[in-house]
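Beneath this line is the structure, given in structure tokens, with notes to follow.
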Number of protein chains: 2
Amino acid sequence: MRAALTRENIVKVADNLFYQQGFEHTSFADIAKEVRISRGNFYYHFRTKDEILDAVIEKRLSDRMMIMEKWEIEGDLPQDRIRYFISILLTNSCKIKQYGCPIGTLTSELAKLNHHAAKDACELFTIFRVWLRRQFEQAGHKAKADEYALHVLAHSQGVATLANAFHDDAFINREVENLIAWLNDLPKSKVT
Amino acid sequence: MRAALTRENIVKVADNLFYQQGFEHTSFADIAKEVRISRGNFYYHFRTKDEILDAVIEKRLSDRMMIMEKWEIEGDLPQDRIRYFISILLTNSCKIKQYGCPIGTLTSELAKLNHHAAKDACELFTIFRVWLRRQFEQAGHKAKADEYALHVLAHSQGVATLANAFHDDAFINREVENLIAWLNDLPKSKVT
DNA sequence: GTCTATACGCGGATAGAC
DNA sequence: GTCTATCCGCGTATAGAC
């Protein structure tokens with residue numbers, strides 16, 4: 001297999017394992033086993049574990065940006081696009097119940113490890129924050145766009161954390177409805 | 001020093017280190033160093049790391065129950081008591097910005113480790129859930145007491161996670177105000 | 001109860017053959 | 001590019017002296 005493909009594969013597997021088991025708890029052996037290459041070969045592609053982490057964060061960033069671009073195209077109104085974001089909680093509910101939010105749990109873990117990549121991981125939150133802010137601005141909430149963006153992010157994070165603890169679908173559905181109701185009830189905007 | 005005191009000390013130090021560095025990332029050596037006992041002596045008090053974890057969870061449970069009892073005594077109205085809970089975000093904001101919520105981050109970590117104590121850690125959420133539910137019931141929100149309890153828990157968790165990522169005091173203050181405004185705006189109850 | 005010494009496995013990382 | 005062999009340090013855990 002060509003190097004680029006193997007590398008891509010390693011990052012993909014590492015992405016999943018870091019999500020499911022945590023960064024520190026995932027060993028080279030775990031990744032190598034699932035990619036079906038030897039541990040030695042591994043080092044041809046990545047010299048340190050931190051390099052893999054960097055690549056995983058990079059991949060997550062580009063994955064999320066692609067999703068947001070898709071929402072941008074598919075959603076006519078900014079409100080629709082924000083609803084797409086909120087709906088991740090439903091479409092990914094199965095994984096969230098098992099492993100929590102991939103972004104929130106990674107940033108939490110790296111913060112505790114005092115890892116140099118912690119701030120890169122926070123960038124994952126930032127790109128959503130900026131994107132949501134733009135949606136709220138376009139919906140006419142110029143002054144409060146950033147506040148609203150953070151509110152949506154925070155609420156989603158909280159739902160993910162408790163969903164992980166209690167595995168309660170009814171709770172997730174209810175909170176998604178609450179958040180969408182909050183969105184619909186925002187003071188009327190000047191433009192539509 | 002008497003054994004009970006040393007043991008108590010170990011649990012106290014472990015509690016802090018598990019919070020600040022994470023459970024897995026904290027080694028026996030870390031704890032022993034801070035307690036100022038040898039690693040060998042350690043095993044007189046706890047035979048495995050999991051035993052320490054159990055003791056830490058036990059301590060956290062009893063600590064939280066004592067806090068809630070205190071709130072129960074100090075707060076005249078159930079709404080006041082709920083506000084005490086929400087105010088943790090402000091009084092502990094400094095630590096939350098650095099390490100997140102002690103309960104949320106522990107349950108997330110243990111879930112990923114597939115650790116047998118994961119469900120014990122979730123009990124930490126449950127005792128708050130039950131306590132908050134009782135407050136909402138006493139405030140006359142019989143039918144929705146549990147929903148409201150989970151909503152408050154979820155919102156607090158989300159704020160803690162984002163506070164940890166962005167270290168933004170203004171955000172914390174704003175979201176605490178939002179949550180208290182939500183509390184005050186709940187449909188009027190039958191009893192006061 | 002507290003210590004030192006030590007066993008042992010695992011995870012990260014390297015060297016070098018093919 | 002992929003492999004095997006190997007090093008090394010750390011972390012958990014044990015044995016046994018004081």
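Each chain gets a letter, A, B and so on, in the order its sequence line appears, and its residues count up from 1.
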Given the side-chain rings of W131(B) and F136(B), with only the six-membered ring counted for Trp, is the space between their centroids under 6.0 Å? no

Look at the side-chain N and O atoms of Y44(A) and state whether any lies under 4.0 Å from the OP1 or OP2 oxygen of dG1(D). yes

Measure the shortest side-chain to side-chain distance between Y148(B) and I82(B) over non-hydrogen atoms and say whether it is less than 4.5 angstrom. no

Pair H25(B), D30(B): side-chain N/O donor-acceptor within cut-off below 3.5 Å: no

From CD1 of I31(A) over to P of dG11(C), roughly how many Å is that when rounded to an integer? 11 Å

At less than 4.0 Å, is any side-chain N or O atom of T6(B) found next to OP1 or OP2 of dT2(C)? Yes or no. yes

A correct 5'-to-3' footprint of nucleotides 3-18 of chain D, with B, S and - meaning base, sugar-phosphate only and no protein heavy atom under 4.0 Å, is BB------SBBB----

Could you tell me how far apart L53(A) (CG) and dA13(C) (C1') are, to the nearest whole angstrom? 17 Å

So if I apply the side chain to side chain donor-acceptor pair (under 3.5 Å) rule between K112(B) and each of N164(A), T26(A), T105(A), which one comes out positive? T105(A)

Can a donor-acceptor pair be found between the side chains of N178(A) and H155(A) at a distance below 3.5 Å? no

Taking the six-membered ring for Trp, are F128(A) and F85(A) ring centroids under 6.0 Å apart? yes

Between dG1(D) atom P and L5(A) atom CG, what is the distance in whole Å? 10 Å

